[in-house]
Amino acid sequence: MDLDHEHHAKTRKTKTRHEQQQQQPTAMETLPNEIIVHILSRLPITSLVQFKFVCQRWRALAQDPVLADMHLSLKADGNDPCLILHCDFPIRNQLYFLDLSADNQEYKDKVKRLYVPFQATMPEFDVVGSCNGLLCLSDSLYNDALFVHNPFTMDYIELPESRQYPDQELVFGFGFHPKTKEYKVVKIVYYRNTSNYSYSRARRTVYPQSDVQIFTLGTSSWRSLGKVSYQFVRRPSEALVNGRLHWVSRPRRYHPTRRIISFDLADEQFREVPKPDCGGLTRCNFHLSVLQGCLAVAVYGNYGKLEIWVMKCYNEKESWVKEFTIGAYMHKCLKPNLDRDRPLKIWKHNGKVVRVLCLLENGQVLLEYKNRVLVSYDPKKGKFRDLVFQGIPNWFQTVVHTGSLIWP
């Protein structure tokens with residue numbers, strides 16, 4: 001009996017000790033929420049998304065708008081971005097992502113496929129734009145569907161239908177204005193009466209009428225601002241700077257030069273932005289970009305040379321500075337005879353050899369060549385480096401993206 005009594009006593013002590021250990025809070029649980037939010041805000045988005053599956057308290061923290069705002073502000077200040085790769089070849093549209101700031105070996109130097117939860121509704125799509133971690137996607141087949149989507153939280157909303165015209169051409173923009181705190185989708189519709197067929201000398205269809213339509217996230221319907229006096233190249237806005245979307249205009253009979261046109265998301269007005277005095281901007285040989293929050297123009301020169309001009313002080317012509325001059329570069333997989341297999345759709349949207357994406361944290365310029373290769377250029381050494389990532393698709397269009405938990 002004494003042995004049995006001693007055994008039961010030891011068992012009770014062991015159980016009591018185990019129960020006390022279970023009841024003791026972990027170091028993470030004893031920290032105030034403010035400190036936890038500060039720590040989490042410094043994590044890459046890939047780590048932050050996994051964090052919310054640990055427990056209910058951490059899931060609630062991941063949904064805290066304070067954390068989302070702090071994480072976004074830190075990632076926007078000089079950190080390397082995520083890249084969204086849009087691939088529509090060979091069969092169906094896919095989105096992939098690459099986290100250039102990831103420390104986690106699961107994501108470092110690897111391309112991961114993103115699930116698009118509404119793809120059954122819209123199997124073929126174009127990327128209108130990226131803003132604060134949100135993507136805007138448009139239907140590339142029928143032009144009658146638009147979605148705003150956070151690819152990391154999986155939140156999305158389908159926008160209501162807007163006015164359609166029988167024969168139309170669409171130009172989109174998507175952005176956020178820091179003063180109004182509003183996200184807006186801009187849809188510029190160029191259309192014509194189907195009975196009047198007009199062609200230019202190049203046999204390009206001319207759409208003489210226009211309608212600018214605006215949708216503000218959080219509202220229930222589109223608004224019409226009336227017509228616009230500019231004809232834009234049929235591609236989404238290439239640059240969002242200071243709450244303003246930017247496009248390049250098409251040359252017209254009485255306005256042969258190409259202009260840089262902005263649309264202010266606060267007062268909803270179009271304005272012309274002064275161009276740099278670098279010459280050659282009257283032809284279709286430049287594109288817009290954003291470098292460290294400034295509007296930039298990449299100008300194609302002779303023999304594959306590329307000049308990058310940056311507007312240091314917005315809307316001041318004298319502040320344009322030639323920041324980089326990049327020489328010609330040709331990767332071995334970019335030989336001309338390989339272009340015969342180039343997807344027609346990607347070629348239509350971006351026929352240039354090289355596209356300036358962003359400035360990396362180490363001061364190097366990130367470039368995309370022929371929708372096939374990502375290359376970094378070191379301006380100090382004048383050297384190129386091919387960036388190799390596991391799982392990268394053969395053809396893609398790159399969207400500079402800031403991964404976030406934001407959802408308006």
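Along the sequence shown, residues are numbered consecutively beginning with 1.
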Pair Val185-Leu217, side-chain contact (heavy atoms from CB on, under 4.5 Å): steps then yes or no: CA-CA 8 Å; Val185 179; Leu217 264 63; 4.3 Å; yes

Aromatic ring pairing Tyr369/Tyr329, orientation class (parallel under 30°, perpendicular over 60°, tilted between): perpendicular

Non-hydrogen side-chain atoms of Arg163 and Tyr191 separated by less than 4.5 Å: no

Main-chain N/O of Lys370 paired to Arg372 side chain as donor or acceptor, under 3.5 Å: no

Trace of the side-chain contact (heavy atoms from CB on, under 4.5 Å) decision for Val297 with Ile260: CA-CA 10 Å; Val297 171; Ile260 302 174; 3.8 Å; yes

Inter-residue atom distance Met70.CE - Glu34.CD, 0.5 Å rounding: 9.5 Å

More than 12 heavy atoms from other groups under 6.0 Å of CZ on Arg271: yes

Atom CD of Glu272: over 12 foreign heavy atoms under 6.0 Å: yes

Arg244 backbone acceptor or donor facing Asn242 side chain under 3.5 Å: no

Side-chain heavy atoms of Ile214 within contact of Val186, under 4.5 Å: yes

Heavy atoms from other residues, nucleotides or ligands near CD of Gln269 exceed 12 (cutoff 6.0 Å): yes

Whether Phe232 and Trp247 hold their rings parallel, tilted or perpendicular, with breakpoints at 30° and 60°: parallel

His287 side-chain N/O to Val356 backbone N/O, donor-acceptor pair under 3.5 Å: yes

Test log, rule side-chain contact (heavy atoms from CB on, under 4.5 Å), inputs Phe174 and Val127: CA-CA 10 Å; Phe174 171 62; Val127 178; over 6 Å; no

Gln94 and Arg113 side chains, donor-acceptor separation under 3.5 Å: yes

Under 3.5 Å: donor-acceptor pair, side chain of Ser140, backbone of Glu124: yes

pair Glu323-Pro379: side-chain heavy atoms closer than 4.5 Å: no

Reported SG-to-CD1 distance for the pair Cys87 and Ile392, which is rounded to 0.5 angstrom: 10.0 Å

Donor-acceptor contact below 3.5 Å, side chain Arg355 vs main chain Thr398: yes

Distance (rounded to the nearest 0.5 Å) between Leu72 CG and Asn132 CG: 4.5 Å

Donor-acceptor pair, side chain of Gln231 and main chain of Tyr190, under 3.5 angstrom: no

Donor-acceptor contact below 3.5 Å, side chain Ser249 vs main chain Arg259: yes

Mutual orientation of the aromatic rings belonging to Tyr314 and His246 [parallel < 30°, tilted 30-60°, perpendicular > 60°]: perpendicular

Distance, nearest 0.5 Å, that separates CD of Glu268 from CZ of Arg223: 4.0 Å

Phe118 and Phe147 aromatic ring geometry - parallel, tilted or perpendicular at 30°/60° bounds: parallel

Check: Trp222 side chain, Leu159 main-chain N or O, donor-acceptor pair, under 3.5 Å: no

Main-chain N/O of Lys275 paired to Lys317 side chain as donor or acceptor, under 3.5 Å: yes

Heavy-atom side-chain contact between Leu366 and Val400 under 4.5 Å: no

Euclidean distance, Asp126 CG relative to Cys136 SG, rounded to 0.5 Å: 10.5 Å

Residue pair Gln397 / Asn371, side-chain donor-acceptor N/O under 3.5 Å: no

Nearest-0.5 Å distance that lies between atom CG in Asn150 and atom OG in Ser404: 5.0 Å

Lys383/Asp378 ion pair, N-O < 4.0 Å: no

For His86, the option from Tyr96, Phe125, Phe396, Phe97 that meets ring-ring contact (aromatic ring centres under 6.0 Å, His included): Phe125

Working for side-chain contact (heavy atoms from CB on, under 4.5 Å), residues Ser162 and Gln164: CA-CA 6 Å; Ser162 60; Gln164 301 286 320; 3.9 Å; yes

Validation row: Phe263, Leu265 side chains within 4.5 angstrom (heavy atoms): yes

Flag side-chain contact, heavy atom, 4.5 Å: Gln209 against Asp211: no

Leu170 to Lys187 - nearest heavy-atom pair and separation: CD2-CE, 3.8 Å

Sub-4.5 Å side-chain heavy-atom contact between Phe176 and Leu134: no

Leu387 side chain reached by Leu100 side chain, heavy atoms, under 4.5 Å: no

Lys305 NZ: over 12 foreign heavy atoms closer than 6.0 Å: no

